[in-house]
Number of protein chains: 2
Amino acid sequence: MLTIGQLARYVGVSTKTVRVYHAKGLLPEPGRDASGYRRYPAQAVVDLLRIRTLADAGVPLARIRDLTPANLGTELKQIDADLATRIKQLRAIRARLRELAGGELRFLPAEVDDHLDGLPALGFSARWIAMERDLWIILYATQPDLADTFFRDQTQSLTDPALRDLYLASDQAHDLDPTDPELEALADRIVAASIERYGTEPPGMSSTDPTIHQLLQGAVNDSSPAWQRLDTMIRGRLGRHGVTGV
Amino acid sequence: MLTIGQLARYVGVSTKTVRVYHAKGLLPEPGRDASGYRRYPAQAVVDLLRIRTLADAGVPLARIRDLTPANLGTELKQIDADLATRIKQLRAIRARLRELAGGELRFLPAEVDDHLDGLPALGFSARWIAMERDLWIILYATQPDLADTFFRDQTQSLTDPALRDLYLASDQAHDLDPTDPELEALADRIVAASIERYGTEPPGMSSTDPTIHQLLQGAVNDSSPAWQRLDTMIRGRLGRHGVTGV
DNA sequence: CTGCAACCTTGCCCTTAGGACAAGGTCAAC
DNA sequence: GTTGACCTTGTCCTAAGGGCAAGGTTGCAG
């Protein structure tokens, strides 16, 4: 008959751990000897090893407690599957860690930084560039592949003088009064150009989660009442979809 | 500029998590808008993703907070190494889980059960058999290979009539008075047989952790004052080592 | 205009699986 | 007989949030 300390050392846990398992009903309280010490049969070693194996696998104690011979088989299958996905996750995290170690502090691909660096020469305001930079950061941080698609489209758009002027006009519209009729005209031109370039759907939007688009749009609208008005008008003309200008 | 909910959804965490990171100093508190809402720059998305990557790797938040560009390199190397060992552990646990699923409820190898089943016919008491069974369970649960060595030795011992009589005499000694001179004589016979069979060291003991032996011995001694006395005498004659009878 | 749903704010308590420590009783060894 | 290593119960503490309450905001719909 073992004392609690002996039992614990056998299995490689602390005595507190054993007492916790008693309190939670995982391990039956054994009898006491004359001086009130717990005395364990050898079976307790087996029980405790079983509990530790499951606990090490990440199974919550409450779930271990509720295991019965009846549900054991299916539960174990589930636990094993969870463990397999956990291992896969950890491997993915390791890969991400290495990126973090390698490309320290560079959140945007070099081409994007180059693109942003070239914008002042084209006549874009510092405010516009800062906002566009933020949008690229969010997009690349959360959806790198989609961001790449957008980015290629964007750089290509800027080679067309008509489209470039449209972007510049949007930039300048930031400080217009929201009721300025200029905005109406600008919205018309943007819608026409958008339809000509993409059809009735902005690029990439139909195939992806709409919330990200809404978030981007919200961030843009926040910075200027005129832009917000512009967005409202464009959405009215294109039917339910906004255009971020990116 | 993002609200806390937008930021959280981008990165896939709860708003509470973001607030906790503020409280713990991992993420700087951003400015507030007119109504007191937190407003985040895009940079916060990048910061938060970095924190989550590390947290997902199992790094405690306090340690993430204390990362500086100076110690980042070495820390990341350490974290990656920890992650690698963690993955290895999980794979080992998976293997143990499968054992648990396969050999449900059988804690002793079939030969050991057979051996125990044969003991009553040889004249061993139920008490002795129960005790021996417990010892095998503990030994197999914690040190299967050592247990196998011992077991093979034990079954072989029982084929020798002289040794078998010695075990039977030990069994019966359980109820003797601790001062009975019989014990003295029995101790002498056990020591002689032990030295003849193993030399001055009990088998396997010299090469292994002594604590396991002491625990086994303690468990045996507890059940009878006579056995305890017997153990003391044997240890005196063999010099510091006990004999478990197994 | 008013209501409602979906946000945001702070503050508080709850959870898991134990660790740490206190104050007292026990055991074995020198 | 005292010392050190055990055991007992009870209490508080931890990490990383979850959940809820009570109140203020915002945006959209009728």
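The sequence lines fix the lettering, A, B, ..., with proteins before strands; numbering per chain opens at 1. Remember, it's a predicted structure, so these values are computed and weren't measured experimentally. These numbers come from the heavy atoms of this one structure, side chains and all, not from hydrogens, waters or symmetry mates.
The side chain of A:Y21 places an N or O atom within less than 4.0 Å of a non-bridging phosphate oxygen (OP1 or OP2) of C:dG18. An OP1 or OP2 oxygen of D:dT26 is reached within less than 4.0 angstrom by a side-chain nitrogen or oxygen of B:S35. When the side-chain nitrogen and oxygen atoms of B:T17 are compared with OP1 and OP2 of D:dA16, none of them lie within a distance under 4.0 Å. Distances shown here put a side-chain N or O of A:R38 below 4.0 Å from the OP1 or OP2 atom of D:dT9. Regarding contacts with the backbone of D:dT8, every side-chain N or O of A:T15 stays at 4.0 angstrom or more from both OP1 and OP2. Residue A:T3 places no side-chain N or O under 4.0 Å from the OP1 or OP2 atom of D:dA5. Under 4.0 angstrom from either OP1 or OP2 of C:dT9 there lies at least one side-chain N or O belonging to B:R19. Applying the 4.0 Å criterion to OP1 and OP2 of D:dG17, one finds that B:R52 has a side-chain N or O inside that range.
With sequence neighbours excluded, the residues satisfying side-chain contact (heavy atoms from CB on, under 4.5 Å) with A:R94 are A:R98, B:D80, B:L83, B:A84, B:I87. Take A:R52 and apply the salt bridge (charged side-chain N to carboxylate O under 4.0 Å, His left out) test, not counting sequence neighbours, and it matches A:D56. For A:T74, the side chain to side chain donor-acceptor pair (under 3.5 Å) criterion is met by no residue, not counting sequence neighbours. A:Q172 is linked by a side-chain contact (heavy atoms from CB on, under 4.5 Å) to nothing, counting only residues two or more places apart in sequence or in another chain.
In this structure, B:R9 atom CZ and C:dC8 atom C1' are separated by 12 Å, rounded to whole Å.
Separation of atoms CE (B:M1) and CG (B:L7) is listed at 11.5 Å; rounding is to 0.5 Å.
Counting any heavy atom pair closer than 4.0 Å across all strands shown, B:R63 reaches no nucleic acid atom.
Computed from C1' positions of five pairs at each end, the angle between the two local axes of the helix from C:dC1-D:dG30 to C:dC30-D:dG1 equals 10°, rounded to 10 degrees.
You'll find a donor-acceptor pair under 3.5 Å spanning the side chain of A:K16 and the base of C:dG19, going by distance alone.
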Pairs of donor and acceptor atoms involving the side chains of residues 58-73 of chain A, under 3.5 Å and at least two apart or interchain, shall be tabulated with distances.
unit_1	atom_1	unit_2	atom_2	d
A:R63	NE	A:E75	OE1	3.0
A:R63	NH2	A:E75	OE1	2.9
A:T68	OG1	A:A70	N	3.3
A:T68	OG1	A:N71	N	3.2
A:T68	OG1	A:N71	OD1	3.3
A:N71	OD1	A:T68	N	2.8
A:N71	ND2	A:D66	O	3.3

